[in-house]
Amino acid sequence: MNQAPDALQSAFERRYALEHELGRGGMATVFLAHDLKHDRPVALKVLRPELAAMLGPTRFQREILLAARLQHPHILPMFDSGEDGGILWYAMPYVAGHSLSTRLATGELLSIAETVGILRDVADALPMRTRTESSTAM
């Protein structure tokens, strides 16, 4: 099932085979794609063209640089990034399943243990500032 626009498909034809849209946010659309070189599924985040034209690519490029530097067991690594045919994008591992927001939207409550586990994982992934950094920032 290919629901990706033709312009995107042709921009990635040698690198990724786009399968379908996974979701969209304020700046970008995320597609499920197949990494042709490494024979694996990836989540391909693509800057929306209308935003690139209106706002420029700077903010999305900062997001790419930040995501590339993150290294933690609870944060997905970036596989690749680039610009093809004027389209800015980056690729990350595809993780099958539903997002937390999707689960919460169903009205199903999380158990206390699940909530604590999620919060612990999120807090563990947040960067820590040393006491010296905190005191000099004041």
Side-chain angles (χ1 to χ4, degrees):
M1 170 199 321
N2 188 341
Q3 298 172 347
D6 291 338
L8 287 177
Q9 190 67 48
S10 63
F12 298 119
E13 69 185 341
R14 291 185 177 94
R15 186 174 276 159
Y16 300 103
L18 299 181
E19 296 184 15
H20 62 86
E21 183 178 311
L22 293 171
R24 67 178 56 216
M27 286 183 51
T29 303
V30 179
F31 295 93
L32 173 60
H34 187 79
D35 181 337
L36 300 172
K37 181 178 181 180
H38 300 105
D39 191 26
R40 63 184 173 189
V42 296
L44 194 64
K45 188 169 187 177
V46 178
L47 178 63
R48 292 179 27 208
E50 65 273 14
L51 288 177
M54 189 171 56
L55 303 174
T58 305
R59 184 172 169 195
F60 193 71
Q61 287 169 329
R62 281 195 315 257
E63 181 178 332
I64 291 171
L65 290 173
L66 176 63
R69 291 191 307 230
L70 297 175
Q71 293 185 4
H72 190 277
H74 297 133
I75 299 174
L76 294 173
M78 181 184 298
F79 284 154
D80 196 8
S81 67
E83 182 174 356
D84 290 300
I87 299 168
L88 274 171
W89 58 272
Y90 66 90
M92 302 177 85
Y94 169 70
V95 178
H98 299 286
S99 68
L100 177 60
S101 61
T102 300
R103 182 167 175 194
L104 294 175
T106 66
E108 179 185 351
L109 295 178
L110 298 173
S111 71
I112 292 174
E114 287 175 304
T115 303
V116 169
I118 291 168
L119 291 174
R120 183 178 293 125
D121 290 347
V122 170
D124 189 47
L126 293 173
M128 296 290 294
R129 291 175 43 181
T130 65
R131 181 169 274 183
T132 306
E133 290 172 324
S134 298
S135 63
T136 57
M138 294 180 176

Shared ILVMFWY cluster between [X] and [Y], side chains joined below 4.5 angstrom?
{"X": "Tyr90", "Y": "Val30", "answer": "no"}
{"X": "Phe79", "Y": "Ile87", "answer": "yes"}
{"X": "Met27", "Y": "Leu76", "answer": "yes"}

Could you tell me which non-hydrogen atom of [X] sits nearest to which non-hydrogen atom of [Y], and how far apart they are?
{"X": "Phe31", "Y": "Leu18", "answer": "CB-CD2, 4.2 Å"}
{"X": "Tyr94", "Y": "Val42", "answer": "CB-C, 3.7 Å"}
{"X": "Arg48", "Y": "Gly25", "answer": "NH1-O, 2.9 Å"}
{"X": "Pro93", "Y": "Pro77", "answer": "CD-O, 3.0 Å"}
{"X": "Ala125", "Y": "His74", "answer": "CB-CB, 4.2 Å"}

[X] side chain near [Y] side chain, heavy-atom distance below 4.5 Å:
{"X": "Leu110", "Y": "Leu104", "answer": "yes"}
{"X": "His20", "Y": "Leu22", "answer": "yes"}
{"X": "Asp35", "Y": "Tyr16", "answer": "yes"}

| field | Residue of the set Lys37, Met92, His38, Arg15 for which side chain to side chain contact (heavy atoms under 4.5 Å, CB included) holds with Asp80 | value | Arg15
Looking at [atom1] of [X] and [atom2] of [Y], how far apart are the two atoms once the value is rounded to the nearest 0.5 Å?
{"X": "Glu114", "Y": "Arg103", "atom1": "CD", "atom2": "CZ", "answer": "4.0 Å"}
{"X": "Lys45", "Y": "Ser81", "atom1": "NZ", "atom2": "OG", "answer": "13.0 Å"}
{"X": "Gln71", "Y": "Met78", "atom1": "CD", "atom2": "CE", "answer": "11.5 Å"}
{"X": "Leu126", "Y": "Ile75", "atom1": "CG", "atom2": "CD1", "answer": "8.0 Å"}
{"X": "Glu19", "Y": "His34", "atom1": "CD", "atom2": "NE2", "answer": "7.5 Å"}

| task | Step through the shown structure and confirm whether more than 12 heavy atoms of other residues, nucleotides or ligands are within 6.0 Å of CD1 on Ile112. | result | no
| task | Using a cut-off of 6.0 Å, state whether more than 12 heavy atoms not belonging to Arg120 lie near its atom CZ. | result | no
